[in-house]
2 protein chains.
Amino acid sequence: MTDTTPRRRARSQRPPTIIDVAEQAGVSRGTVSRVLQGGRNVSPAARDAVNAAIRKLGYVVNRAARSLVTQRAGSVAFLLSETQDRLFGDPNFTTLLTGCTTALGEHDIPLILITAGTEAERRRIAPFLSAHHVDGVLLISSHRGNPMIDHLHRANLPFVCCGKPLGEHGRLSYVASDDHEGARTMVRHLVESGRRRIATITGPQDTPGGVERLRGYREVLNEHGIDYDRRLVATGDYSRASGESCMQQLLTAVPDLDAVFVASDLMADGALSAIERTGRRVPDDIAVGGFDDSPVATAVQPQLTTIRQHWTRISEMMVRQLLAQIAGEGPATVILPTELVIRESA
Amino acid sequence: MTDTTPRRRARSQRPPTIIDVAEQAGVSRGTVSRVLQGGRNVSPAARDAVNAAIRKLGYVVNRAARSLVTQRAGSVAFLLSETQDRLFGDPNFTTLLTGCTTALGEHDIPLILITAGTEAERRRIAPFLSAHHVDGVLLISSHRGNPMIDHLHRANLPFVCCGKPLGEHGRLSYVASDDHEGARTMVRHLVESGRRRIATITGPQDTPGGVERLRGYREVLNEHGIDYDRRLVATGDYSRASGESCMQQLLTAVPDLDAVFVASDLMADGALSAIERTGRRVPDDIAVGGFDDSPVATAVQPQLTTIRQHWTRISEMMVRQLLAQIAGEGPATVILPTELVIRESA
DNA sequence: CTGAAAGCGCTTACAG
DNA sequence: CTGAAAGCGCTTACAG
């Protein structure tokens, strides 16, 4: 069986073009195109004829042809500028990704996934971005000093960051949860339930969540006249394992602590294990407050009291901001409220 | 500040085209294009001149223009035809996704992420696929009877499945781990370490992993003259929670079981919790064997003895098969070996 | 409101 | 090995 792959599909089985639609509808290509663009300046009769022809022929616009003339790619990149291991096991990431895909899908805009965790990868994708093979970028990166931001600026490519990019000053868009207020809410909850020796396990101090949640913690303690005690602060990396070891360290340094605010649910899961191993009980001996309300929050025993981040809304707002920028609007910052979810651990 | 967004960038700041390169190199557009295609039938001198011009001008091909003439999209879809919740917390998924992105990136092929978990979504993406807005599809779906497969066939769009699509007979490509042999290896390991009352927590019986791993389990027991006992089989859904409840159920039905082969690490994590709660010890009282070697395998206590799936290789092979099909080759099946990873739990 | 036509930036037979 | 030219399928001023 010789496989004679035709270089092109035969004319007959090629998808219908705007010309076929025009013929079928008895109008010119220009009119068909105008209907495709939304139907401004088209008579109802013509529009109906065109729409009928489109349906009948199963016409779908050829995006390459459209892009060529509009000078728009018609697609958007989801750029993962983060060492990959950070993502594994981070359920927030999947929610964000599918949320953005869905939000873009409603505008018929394909999402192109690009990973740029290493310098080599960044070099490879730079030309792709510079050549405007996408109209804009949803930038996922939590660490300070991301070189991608500069590149995107220079390429004059609209982009929206997920979370506040630390150390950036220029005009740039981002969408973030209110980390600061979220932390305040949780720590207030702990204080108001009578806890006084409140520890915290923070995220990395080169991430906004790491910095802002710690700031909220310190503020609330201060407001309640509780002295800040360095031994009650441990810095994790958002991973389960780091939560566990930070908790061990805290328990050793301050055995009589009665609560801990943990900057992510995953770390809180680890903290739970460490506490349990010492024979202490949650929440009776130690109250544990998490952050994220990710799936692990309800998968652990006891279920986590935590701060919910609305990832679906974050996705939606990122997409909305990006499309607005692509349409010519200037950058903007969107801060989304968080929500205290009380379960069993605090 | 009036924002006068120009509909198009001015000619001067438009990226260079093939014409600019031709001029710069002193050759015709045709010759530039030939160099871009790999340099067949081009004199070394011309090639060098063109490459120098490309570098000097920072030329990057306009993909839309190329697509228009080649009738190829130049991109590939990663189609998630799976209810989304199955993905949350499944670390394999992230590995697969970034693996495919990387493998495609080496061929300069963008990956377009498409979700199609619901009927409504499927309806929306059908025209996109039919119109060949991608050259091929990496299809992620584990459940029997996926309607996407039929659609892709009808659309005459090359595709490769991740895992064996149950209940399909036609000519179709897939890449999968050797579930059957993997399960055999694990159960053999349990038998050879002296276990005799070996239970299993399977995956859903409409997934290949659910079916094949159970089959391997039964075979090995049979080969060792151990009677099959229905009470030793529980069916989970790959989630941590289902592993926990299945394990509870097994321990109630057969209190003296001495091992359990669990069809996923996530379920094994749940099983560990259930066992621990009854005061039994792993592996002393009960040996636990997982499947996947996902990150949770080393995050739990005791660390899981499990069957490693090589997701990076799976990604690579999926991409390779897909590109081969796009180039005209027929479909093929690729089965990748698994590997027993011995840690603490068995 | 509509049609005729130019043009987006490439690739590819074709002729030499 | 190379150039001239047709053509991929759209959009969009332009003229009416």
Side-chain angles (χ1 to χ4, degrees), chain A residues 6-51 53-54 57-74 108 131-133 135, chain B residues 6-11 13-50 53-54 57-74 108 131-133 135:
Chain A
R7 195 167 285 278
R8 302 185 177 189
R9 281 170 282 168
R11 173 89 217 167
S12 62
Q13 58 167 303
R14 259 225 248 114
T17 73
I18 209 174
I19 297 193
D20 301 316
V21 174
E23 248 168 40
Q24 173 75 34
V27 299
S28 72
R29 286 140 66 199
T31 299
V32 174
S33 183
R34 276 173 219 117
V35 172
L36 255 30
Q37 306 307 311
R40 313 266 326 122
N41 292 353
V42 181
S43 69
R47 183 174 7 184
D48 291 349
V50 168
N51 281 139
I54 287 176
L57 300 177
Y59 170 80
V60 181
V61 70
N62 181 319
R63 287 172 162 258
R66 174 180 283 174
S67 283
L68 183 54
V69 42
T70 59
Q71 305 279 338
R72 290 266 169 101
D108 249 311
H132 282 232
H133 283 155
D135 295 325
Chain B
R7 196 167 285 275
R8 304 184 176 191
R9 280 170 281 169
R11 172 90 217 166
Q13 58 166 304
R14 264 225 243 123
T17 73
I18 211 175
I19 297 193
D20 302 316
V21 175
E23 247 168 41
Q24 173 76 32
V27 297
S28 74
R29 285 140 65 200
T31 299
V32 174
S33 183
R34 276 174 217 116
V35 172
L36 255 29
Q37 306 307 310
R40 312 272 318 127
N41 293 352
V42 180
S43 69
R47 184 172 6 181
D48 291 349
V50 168
I54 287 175
L57 300 176
Y59 170 80
V60 181
V61 71
N62 179 319
R63 288 172 162 257
R66 173 180 282 175
S67 283
L68 184 54
V69 41
T70 60
Q71 305 279 336
R72 289 266 171 101
D108 250 310
H132 282 232
H133 283 155
D135 294 327

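Just so it is clear: chains get the letters A, B, ... in the order the sequence lines come, proteins before strands, and each one is counted from 1. The analysis underlying the following values was restricted to heavy atoms, covering all of them including side chains, and did not include hydrogens, waters or symmetry mates. The structure displayed is predicted, hence computed values, not measured ones.
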* Structure fact -> Pairs under 3.5 Å (Watson-Crick or G-U), crossing ones as [ ], inter-strand ones as |: DNA chain D comes out as |||.||||||||.|||
Spacing between [X] atom [atom1] and [N] atom [atom2], to the nearest angstrom:
X	N	atom1	atom2	value
B:Tyr59	C:dT11	OH	P	6 Å
B:Arg66	C:dC10	CZ	C1'	8 Å
B:Leu68	D:dA6	CG	P	17 Å
B:His132	D:dC8	NE2	C1'	17 Å
B:Ile18	D:dA5	CD1	P	17 Å
A:Arg72	D:dT12	CZ	P	10 Å
A:Arg40	D:dT11	CZ	C1'	17 Å
A:Ile19	D:dC10	CD1	P	8 Å

* Does A:Gln71 make a side-chain N or O approach to OP1 or OP2 of C:dG9 shorter than 4.0 Å? ->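 Checking C:dG9 against A:Gln71, a side-chain N or O does come within under 4.0 Å of OP1 or OP2.
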* CA sep, side-chain torsions, deciding dist, call: A:Ile18, A:Leu36, side chain to side chain contact (heavy atoms under 4.5 Å, CB included) -> CA-CA 10 Å; A:Ile18 209 174; A:Leu36 255 30; 4.2 Å; yes
Nearest to the [X] side chain among [options], which nucleotide is it?
X	options	result
A:Thr70	D:dT12, C:dC10, D:dG9	D:dT12
A:Ser43	D:dC10, C:dC1, D:dG9	C:dC1
A:Val42	D:dC8, C:dT2, D:dT12	C:dT2
A:Val61	D:dC10, C:dG9, C:dC10	D:dC10

* Interface residues of residues 24-35 of chain B with DNA chain C (non-hydrogen, below 4.0 angstrom) ->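 Hits under 4.0 Å, by residue number: B:Arg29, B:Gly30, B:Ser33, B:Arg34.
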Grab the two heavy atoms, one from [X] and one from [Y], that are nearest each other, plus how far apart they are.
X	Y	answer
A:Ala64	A:Asn62	N-OD1, 2.9 Å
A:Ala53	A:Gln24	CB-CG, 3.4 Å
B:Tyr59	B:Thr17	CE1-C, 3.6 Å

* Have a look at A:Ala46 and say if it touches a base, only the backbone sugar-phosphate, or nothing, with a 4.0 Å heavy-atom cut-off. =>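 Contact class for A:Ala46: sugar-phosphate only.
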* Asked: B:Asn41 near the nucleic acid: base, sugar-phosphate alone, or nothing, with a heavy-atom cut-off under 4.0 Å?
  ->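 Base contact.
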Report the distance from atom [atom1] of [X] to atom [atom2] of [Y], rounding to the nearest 0.5 Å.
X	Y	atom1	atom2	answer
A:Ser28	A:Arg34	OG	CZ	6.0 Å
A:Asn41	A:Arg47	CG	CZ	10.0 Å
A:Gln71	A:Asp135	CD	CG	11.0 Å
B:Leu57	B:Glu23	CG	CD	9.5 Å

* **Spacing of the C1' atoms in C:dG16 and C:dT12 (rounded, Å)** =>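 My reading of the C1' atoms in C:dT12 and C:dG16 gives 16 Å.
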* Asked: Hey, does B:Arg63 have a side-chain heavy atom less than 4.5 Å from the side chain of B:Asp108?
  ->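 Yes, at least one pair of side-chain atoms sits under 4.5 Å.
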* Backbone N/O of B:Arg29 and side chain of B:Ser33: donor-acceptor pair under 3.5 Å ->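 It does not hold such a pair.
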